[in-house]
*Asks:* 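Please see the structure below; I have some questions.
Just so it is clear, the structure is predicted and the values come from calculations on it, not from any experiment. Residue numbers begin at 1 in each chain, while the letters A, B, ... track the order of the sequences.
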Amino acid sequence: MKLPKRYKPKEAEPRWQKAWEEAGIYRFDRFPDRPIYSIDTPPPTVSGAIHIGHVFSYVQAEVIARFWRMRGMNVYYPFGFDDNGLPSERLVEKEKGVKATDVGREAFVRMCLELTQRYEDEFKVFWRSLGLSVDWDENYSTIDPTSQRISQRSFLDLFEKGRVYRKEAPTLWCPECHTAIAQAEVEDAEHGSVFYDVAFRLDGKDLIISTTRPELLPACVAMFAHPSDERYKGIIGKKATVPLFDHEVPILLDEKADPEKGTGLVMCCTFGDTTDIAWWQEHGLDTRIVFDETGRMNELAPGYEGLGLKEARGRMVEDLKSGGLLKGEEPISHTVNVHERCGTEIEFSVASQWFIRVLDIKDEIIEAGGKVDWYPNYMEIRFRNWVENLKWDWCVSRQRYYGVPFPLWSCKACGEVVLATDEMLPVDPTVTSPPVDSCPKCGAFDLEPERDIMDTWMTSSCTPFLNIRWREPDSKLERFKKADAEKGSEFLMDLRPQAHDIIRTWAYYTIVKGVLNEGKIPWRTAMISGHGLHPDRAKISKSKGPISHAPSEIIEEQSADATRYWACSNRLGTDTIVAEEGFDAGKRLVVKLWNASKFAIMRLEDYDPDAPRELALIDRWLLARFANAAGRATRSFEECEYHGAVEVVEPFFWHCLCDNYIEIAKKRLYGDEGYDEASRRGAQYALYQSLLGVLKMLAPVVPHVTEEIHSLYFAEREGVESIHVSSWPEPPAEWTDAVALEAGDLALAVIEGMRKVKSTHKVSVATPVGTLRVACDDDTWTKIEPFTSELRDVSNAQSVVHVTEAGDEFVETDVAAIRVAAELIVE
RNA sequence: GGGCGAAUAGCUCAGCUGGUUAGAGCACCUGCCUUACAAGCAGGGGGUCACAGGUUCGAGUCCUGUUUCGCCCA
């Protein structure tokens, strides 16, 4: 078999993707007897186009999947889509130009299903074009009936375990999305604002407070000063009058009032921020909620009813001014809490919401997280810090349409909750009748369906359960579950790959569900990737300019293998910038693999592993170098460090195998005179083994070109269908050869010196040499001497001799003790 | 304000538990058509490893502090 002159990724990559799929190479249970390695793949949120950051983290995880498959595991590698909830709703609202509230629940849900389906089809095409070794038969969508059933089942289980409660509680509220949100969905933003100095009245005198939220004056329920603040000592416990609204509020002490800020007096409203809530709870203050769920002022703000918060602020500032109650204003920039999905400033509200109690089991959750192997290790600290700092139970209700419904009804008379039975799941209580006719507690007939839907994380946190088909008739739980010898506990799955920004959400919630629902840890290993930085965050490139294309265009232009190589070009967990030059290295490697294999396969045409062979010292050197590289690459992959592996294998391939070994062994491989057949067979053996090993170890990163080469020569000889289900290299012990390793490295130093001479004299590497003189001590020469014929071959020298004294014409080499002089024969 | 990370060649990044002269790719310079590869090969220039201290026989690596940047949180 002779390899074509050039490798064409544009033709080969789609061809292999199709072939793999048809042959079911990546199918789960293709080798049912092998131990299972299960992956809790991140289901991408269907909220818009895929970006290059997705490529980055998915490839990194996928490379690890390929590694374990070659290590002989029965890899369970599913793919899901997260298409329920707010992100998808917002996508639909944006694309269709509608508001959920306007079109109604049923029509809106239909639009969501249609649009997300279209996106998912596009996504699948894209991920296939990247060569992901996913089993596409194993997939789910978080809105499909099974996912809804498992998600509702998880809720019911928590309910029965006493973990669920409904409470009128201060809630983070997004006035734009009209829904309660979780702490995890809040992020900071720097907003411009104004600090207003407002006069309250006490005993006929002004009391000045500073606030950025004058529209919350009607919601004011107290004033606070710091206990050490002498200025207000005399007035503590008295009641001040709120301007414009004339209700009275107590003046109290609390450590959290900052004496340095403004006048040292601060107003407490229900609710402006989390400090207000803390005060409200600790001091048992009144509740005055002044706006409704659409963000409009209500009857508690007489004169401002119906106004939005912003308008109300403007009007109140005007009124304060005209009433002489505004004593100063100062523009400031401060950080505010915004909803991460829409960027709107968060408000606080009191509403009836469903919660999962978690604050009492923080320690258990931290302990469970501690049993997971986090790569990189420091990511566990982020997880722990997040859990330690939790201040709220998990608010799981959302006042939206498109998502998983709560499987329950409430008695209108007494509030008793009626749960759906497991046989009813998935259930939408707004269309299905409850399992009982009347309230089991009070007997009333008016059972009201829960209209809220669950937070998307309620379902996303079930991904291990979706994969395992938790408490379904075809549950895989028993097959997947495994214990760790050291850590004891049972784990549901092996690997959770995800990016670092959602440790506090996805990883955290999944661990919560694992612990509460099943009493297990969801996975043994968490592999946390960084982000690909989009060009607008990178510096402006002078040369070519930044990449501004969609990922599919990048793959089209750069090839899937080069894109994958790029995604593996730095350490796990770190972010990297996307620049066009970043893809060159991968493209070069693909070409080099092809060319080197083309040569090797030509020389290996008559390779016979059973023919008598004799390994030269340089062959042993190559195999020793290979064994060394393979050991290190394997360890790296085991720790999810794909880059560490590439960094070891590629130099071995390029430098040891191509630049040196092949050059040195060429004449033997050609069967030139002076070499016997056994010696040629020895070289063939070393070449065959190391090239096949290199292809295998690079196969996870560049699966297409390695498969192409493998299929054209190795597949038949090795008796395997695909390199991707072939076995991972395990060099035999005898390849580890310290003597050959050291001696070979010394010989390479001589070659380096010889090349330096030729380069300095600006002649071709093929230029003949008369005598090649090696200056070194006797001991070193003893080690180099066995390579005399190789040195002669690669230098094109007539003879190689040892001297003890180096003259001026000798050049230095990498090894300080060795100097080299070469007598060039130039016509 | 707290936590985590980063700062190494012009650019993008490696550098494991401290150990010869700090590496790679791109870019740059000088050459070479060598029976796999010019999409290549050989050679070369370029770094006070952010700054200041400390521990050590020895520090890019460990400790303390400072500065700048990123992420997460308050």
*Asks:* In whole angstrom, give me the gap between the P atoms of C49(B) and C62(B).
*Replies:* 15 Å
*Asks:* Return the pairing partner of U55(B) with a 3.5 Å limit on both distances, Watson-Crick or G-U wobble; otherwise return none.
*Replies:* none
*Asks:* Using 0.5 Å steps for rounding, measure from the CD1 atom of I618(A) to the CG atom of L748(A).
*Replies:* 6.0 Å
*Asks:* Rounded to whole Å, how long is the line connecting atom CZ of R635(A) with atom P of U17(B)?
*Replies:*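 One finds 14 Å between P of U17(B) and CZ of R635(A), rounded.
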*Asks:* Do E663(A) side-chain and A36(B) base share a donor-acceptor contact under 3.5 Å?
*Replies:* yes
*Asks:* Using the side-chain heavy atoms of A766(A), tell me which of these nucleotides is nearest: U34(B), A36(B), A42(B).
*Replies:*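 When the side chain of A766(A) is considered, U34(B) is the closest of U34(B), A36(B), A42(B).
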*Asks:* Mind checking K598(A) for me? I need base, sugar-phosphate or nothing, with any heavy atom below 4.0 Å counting as a touch.
*Replies:*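 Sugar-phosphate contact only.
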*Asks:* Once you round it to whole Å, what is the distance between C1' of C29(B) and NZ of K762(A)?
*Replies:* 10 Å
*Asks:* With rounding to the closest Å, how many angstrom separate the P atoms on G60(B) and A9(B)?
*Replies:*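 Each nucleotide's P atom is 15 Å from the other's.
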*Asks:* Can you tell me if D561(A) uses its side chain to pair, donor with acceptor, with the backbone of G586(A) under 3.5 Å?
*Replies:*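 Between the backbone of G586(A) and the side chain of D561(A) there is no qualifying donor-acceptor contact (under 3.5 Å).
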*Asks:* Mind checking the P distance from C51(B) to U68(B)? Whole angstroms is fine.
*Replies:* 15 Å
*Asks:* For I502(A) and C4(B), what is the distance between atoms CD1 and C1' respectively, to the nearest whole Å?
*Replies:* 17 Å
*Asks:* Using Watson-Crick or G-U wobble geometry with both distances under 3.5 Å, which nucleotide pairs with A39(B)?
*Replies:*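 None - no nucleotide pairs with A39(B), as no candidate has both distances under 3.5 Å.
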*Asks:* Let me know the distance between CG of N385(A) and C1' of G2(B), rounded to the nearest Å.
*Replies:* 9 Å
*Asks:* Atom CZ of R6(A) to atom C1' of G40(B): distance rounded to whole Å?
*Replies:* 10 Å
*Asks:* Using the side-chain heavy atoms of I662(A), tell me which of these nucleotides is nearest: U30(B), G43(B), A36(B).
*Replies:* A36(B)
*Asks:* Counting Watson-Crick and G-U wobble pairs only, both distances under 3.5 Å, name the nucleotide matched with G5(B), or none.
*Replies:*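 Here G5(B) is engaged in a pair, and the nucleotide opposite it is C69(B).
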*Asks:* Using the P atom as the reference point in each nucleotide, state the distance between G43(B) and G25(B) in Å, no decimals.
*Replies:*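 Between the two P atoms, the distance is 11 Å.
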*Asks:* If you only use heavy atoms from C-beta on, which nucleotide in C71(B), A39(B), A36(B) is closest to the side chain of V591(A)?
*Replies:* A39(B)
*Asks:* If you check every side-chain atom of V765(A), which of A42(B), A36(B), G44(B) has the closest atom?
*Replies:* A42(B)
*Asks:* Return the 5'-most residue of the pair V815(A), R382(A) with respect to RNA chain B, ranking by each residue's nearest nucleotide.
*Replies:* R382(A)
*Asks:* From the list U34(B), A39(B), G15(B), which nucleotide is the closest neighbour of the side chain of R571(A)?
*Replies:* G15(B)
*Asks:* Does the plane of the ring in H710(A) sit parallel, tilted or perpendicular to the ring in F714(A)? Use 30° and 60° as the thresholds.
*Replies:*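 Answer is parallel, since the angle falls under 30°.
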*Asks:* With a non-hydrogen cut-off below 4.0 angstrom, is R755(A) in contact with a base, only sugar-phosphate, or nothing?
*Replies:* sugar-phosphate
*Asks:* Indicate whether the side chain of Y7(A) and that of N595(A) have a donor and an acceptor atom separated by less than 3.5 Å.
*Replies:* no
*Asks:* If you check every side-chain atom of R504(A), which of C4(B), C72(B), A36(B) has the closest atom?
*Replies:* C72(B)
*Asks:* Starting at CG of L691(A) and ending at P of A36(B), how long is that distance when rounded to a whole Å?
*Replies:* 15 Å
*Asks:* When we call it a touch if two heavy atoms are under 4.0 Å apart, what does K666(A) touch: a base, just sugar-phosphate, or nothing?
*Replies:*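 Base, at least one base atom sits under 4.0 Å.
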*Asks:* Which part of the nucleic acid, if any, lies within contact of A816(A), taking any heavy atom under 4.0 Å across all strands shown: a base, the sugar-phosphate backbone alone, or nothing?
*Replies:* base
*Asks:* Salt bridge between R571(A) and E641(A), side-chain N to carboxylate O under 4.0 Å?
*Replies:* yes
*Asks:* Specify the residue among D501(A) and R603(A) whose closest nucleotide of RNA chain B lies further upstream toward the 5′ end.
*Replies:* R603(A)
*Asks:* Nearest to the K592(A) side chain among A39(B), G44(B), A36(B), which nucleotide is it?
*Replies:*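 For the K592(A) side chain, the nearest candidate turns out to be A36(B).
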*Asks:* What distance, rounded to whole Å, do you find between the two C1' atoms, one in A6(B) and one in G15(B)?
*Replies:*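 Comparing C1' positions in A6(B) and G15(B) gives a spacing of 15 Å.
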*Asks:* Could you tell me whether T574(A) contacts a base, only the sugar-phosphate backbone, or nothing, with contacts defined as non-hydrogen atoms closer than 4.0 Å?
*Replies:*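 The answer is sugar-phosphate, as T574(A) gets under 4.0 Å only of primed atoms, P, OP1 or OP2.
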*Asks:* Considering only NZ, NE, NH1 and NH2 on the basic side and carboxylate oxygens on the acidic side, decide whether K592(A) and E650(A) come within less than 4.0 Å.
*Replies:* no
*Asks:* I'd like the P distance from G18(B) over to C13(B), given in whole Å.
*Replies:* 26 Å
*Asks:* Give one of base, sugar-phosphate or nothing for D659(A), where a contact means two heavy atoms less than 4.0 Å apart.
*Replies:*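 Counting heavy atoms under 4.0 Å across all strands, the contact made by D659(A) is with sugar-phosphate only.
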*Asks:* Roughly how many Å is it from CG in N389(A) to P in G2(B), rounded to a whole number?
*Replies:*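 Distance, rounded to whole Å: 13 Å.
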*Asks:* Of the listed nucleotides (C26(B), U34(B), C13(B)), which one gets closest to any side-chain atom of R588(A)?
*Replies:* C26(B)
*Asks:* Ring centroids only, cut at 6.0 angstrom: are Y675(A) and Y670(A) within range, meaning strictly under it?
*Replies:*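 Ring centroids of Y675(A) and Y670(A) are no less than 6.0 Å from each other.
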*Asks:* Output yes when at least one side-chain N/O atom of W654(A) is less than 4.0 Å from OP1 or OP2 of C41(B), else no.
*Replies:* yes
*Asks:* Have Y642(A) and Q60(A) got a donor and an acceptor in their side chains that come within less than 3.5 Å?
*Replies:* yes
*Asks:* Please give the distance between the C1' atoms of U12(B) and C33(B) as a whole number of Å.
*Replies:*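 That atom pair is separated by 32 Å.
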*Asks:* Nearest of G40(B), G43(B), A36(B) to any side-chain atom of C658(A)?
*Replies:*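 Among G40(B), G43(B), A36(B), the one nearest the side chain of C658(A) is A36(B).
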*Asks:* Taking the P atom of each, how far is A50(B) from A59(B), in whole Å?
*Replies:*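 The answer is 15 Å between these two P atoms.
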*Asks:* Respond yes when some side-chain nitrogen or oxygen of K756(A) is under 4.0 Å from OP1 or OP2 of G44(B), and no when none is.
*Replies:* yes
*Asks:* Measure the distance from CE on M379(A) to P on A6(B) and round it to the nearest whole Å.
*Replies:*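 M379(A) atom CE is separated from A6(B) atom P by 10 Å.
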